[in-house]
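Worksheet for the structure shown next.
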Amino acid sequence: MTANDDLKALIRTIPDFPKPGIQFRDITTLLLDPKGFATAIDRMAAATRGEVDLIAGIEARGFLFAAALAVPLNAGVLLIRKDGKLPGATIAEDYALEYGHDRIVMHEDALVPGARVLLVDDLIATGGTARAAVRLIRKAGGVVEQAQFLVDLPDLGGTEALRAEGLAVDSLLAFPGH
Ligand code: AMP
């Protein structure tokens, strides 16, 4: 038993979703467990380095963790969304997918330049989404020096790539493979 094995036991693996060869790490089972979700948030809050002004959550599962963490950390919640969902003027960042590309956006006035931002998502795989979010926050003038995830898939290199961008990266759990 190592640290966070209690939480790992609450994550369900669904093979071949959304396509053959992917082991989908399904966190909905952890969310359904009141003690499990609260414990995950407590441990992520404890891993936060210094004070932050905003917790940036990546749509959609990242919103759940960002919102829950913002309360004990006394921070606001910054929504990083898929394109076309935010009503105000936005800034955008594109990133490559295996086939094609995708776009994330945020409200252009969502943060005061110099605001300290903690980036949060449920899971980091290749890190493509998280790196695009870092570029977007920095473009808006935010200072993003740390990122947290519930789950890391280290073999896909996302954590390493984010660290190369100068961030401190913490995850509670890791699964081998992809
Ligand atoms: P990436 O940009 O490759 O780091 O992918 C991260 C996003 O895709 C996260 O928002 C995850 O929720 C989702 N994701 C990628 N791979 C998996 C997986 N094996 N199981 C569950 N979610 C995944």
Side-chain angles (χ1 to χ4, degrees), residues 4-5 7-33 36-37 40-41 43-44 47 54-70 77-86 90-106 110 117-139 142 144-178:
N4 303 320
D5 275 0
L7 299 179
K8 199 168 188 176
L10 294 172
I11 294 172
R12 173 169 67 174
T13 297
I14 311 236
D16 300 319
F17 182 88
K19 56 185 185 181
I22 303 287
Q23 302 280 342
F24 194 86
R25 307 301 179 177
D26 176 19
I27 60 128
T28 63
T29 38
L30 179 138
L31 295 173
L32 285 165
D33 187 292
F37 185 48
I41 295 302
R43 291 180 193 169
M44 289 172 88
L54 295 170
I55 318 287
I58 301 175
E59 185 170 358
R61 291 184 294 268
F63 289 173
L64 300 164
F65 291 89
L69 267 173
V77 181
L78 170 63
L79 302 188
I80 308 285
R81 300 213 65 174
K82 309 253 162 71
D83 199 16
K85 307 264 191 175
L86 288 172
T90 55
I91 55 172
E93 191 67 34
D94 293 332
Y95 60 102
L97 297 174
E98 199 178 346
Y99 304 103
H101 73 280
D102 215 341
R103 171 171 289 184
I104 50 171
V105 304
M106 62 177 269
V117 182
L118 165 64
L119 179 67
V120 169
D121 203 357
D122 66 325
L123 181 145
I124 181 159
T126 65
T129 318
R131 275 168 41 236
V134 168
R135 292 196 299 274
L136 186 61
I137 293 162
R138 287 180 173 163
K139 195 151 76 180
V144 53
E145 292 176 339
Q146 51 179 326
Q148 289 203 20
F149 305 89
L150 178 68
V151 179
D152 183 19
L153 305 183
D155 296 339
L156 293 178
T159 291
E160 217 173 309
L162 264 191
R163 287 184 177 144
E165 308 253 352
L167 278 83
V169 183
D170 296 291
S171 299
L172 294 184
L173 313 164
F175 287 95
H178 54 90

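Read the numbers this way: they start at 1 and go in the same order the structure lists the ligands and their atoms.
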Q: Classify the contact between Arg61 and ligand 1 as side chain, backbone, both or neither, using a heavy-atom distance cut-off of under 4.0 Å.
A: side chain
Q. With a 4.5 Å limit on heavy-atom distance, are the side chains of Asp102 and Thr129 in contact?
A. no
(Q) For atom 20 (N) of ligand 1, what's the nearest protein heavy-atom neighbour? Residue, atom name and distance, please. (A) Arg25 N, 3.0 Å
Q) Does Ile58 come within less than 4.0 Å of ligand 1, judged by its heavy atoms? A) no
Q | Numbered atoms of ligand 1 (with element) below 4.0 Å of Asp121, judged on heavy atoms | A | 9 (C), 10 (O)
Q | Min heavy-atom dist Gly127 to ligand 1 below 4.0 Å | A | yes
(Q) With a heavy-atom distance limit of 4.0 Å, tell me whether Leu153 approaches ligand 1 through its side chain, its backbone, both, or neither. (A) side chain
Q) For atom 2 (O) of ligand 1, which protein heavy atom lies nearest, and how many Å away is it? A) Thr129 OG1, 2.5 Å
Got a list of side-chain donor-acceptor pairs under 3.5 Å for residues 54-65, not counting sequence neighbours?
from  : atom 1 : to     : atom 2 : distance (Å)
Glu59 : OE1    : Arg81  : NE     : 3.1
Glu59 : OE1    : Lys82  : N      : 2.8
Glu59 : OE2    : Arg81  : NH2    : 3.1
Arg61 : NE     : Asp122 : OD2    : 2.6

**Q.** Nearest non-hydrogen protein atom, atom 1 (P) of ligand 1
**A.** Thr126 OG1, 3.4 Å
**Q.** For Phe24, atoms of ligand 1 separated by under 4.0 Å from a heavy atom
**A.** 20 (N), 21 (C), 22 (N)
Q.
Tell me whether Arg25 contacts the main-chain N or O of Ala174 through its side chain, where contact means a donor paired with an acceptor under 3.5 Å.
A. no
Q: Do me a favour and list the nearest non-hydrogen protein atom to atom 19 (N) of ligand 1 with residue, atom name and distance?
A: Gln23 O, 3.0 Å
Q. Can you tell which of Val169, Val120, Val117, Leu118 makes a side chain to side chain contact (heavy atoms under 4.5 Å, CB included) with Gln146?
A. Leu118
Q) For the atom pair CG (Asp121) and CG (Leu123), what is the distance rounded to the nearest 0.5 Å? A) 7.5 Å
Q. Do side-chain atoms of Asp16 reach the backbone of Gly21 as a donor and acceptor pair under 3.5 angstrom?
A. yes
Q) Would you say Leu123 and ligand 1 have an N/O pair spaced under 3.5 Å apart? A) no
Q. Nearest 0.5 Å, what's the CZ-CD distance between Arg131 and Glu165?
A. 5.5 Å
Q) When you look for heavy atoms under 4.0 Å from ligand 1, do you find them on the side chain of Asp122, its backbone, both, or neither? A) side chain
Q.
Checking Asp26 now: which residues fulfil salt bridge (Lys or Arg N to Asp or Glu O under 4.0 Å) with it, not counting sequence neighbours?
A. Arg12
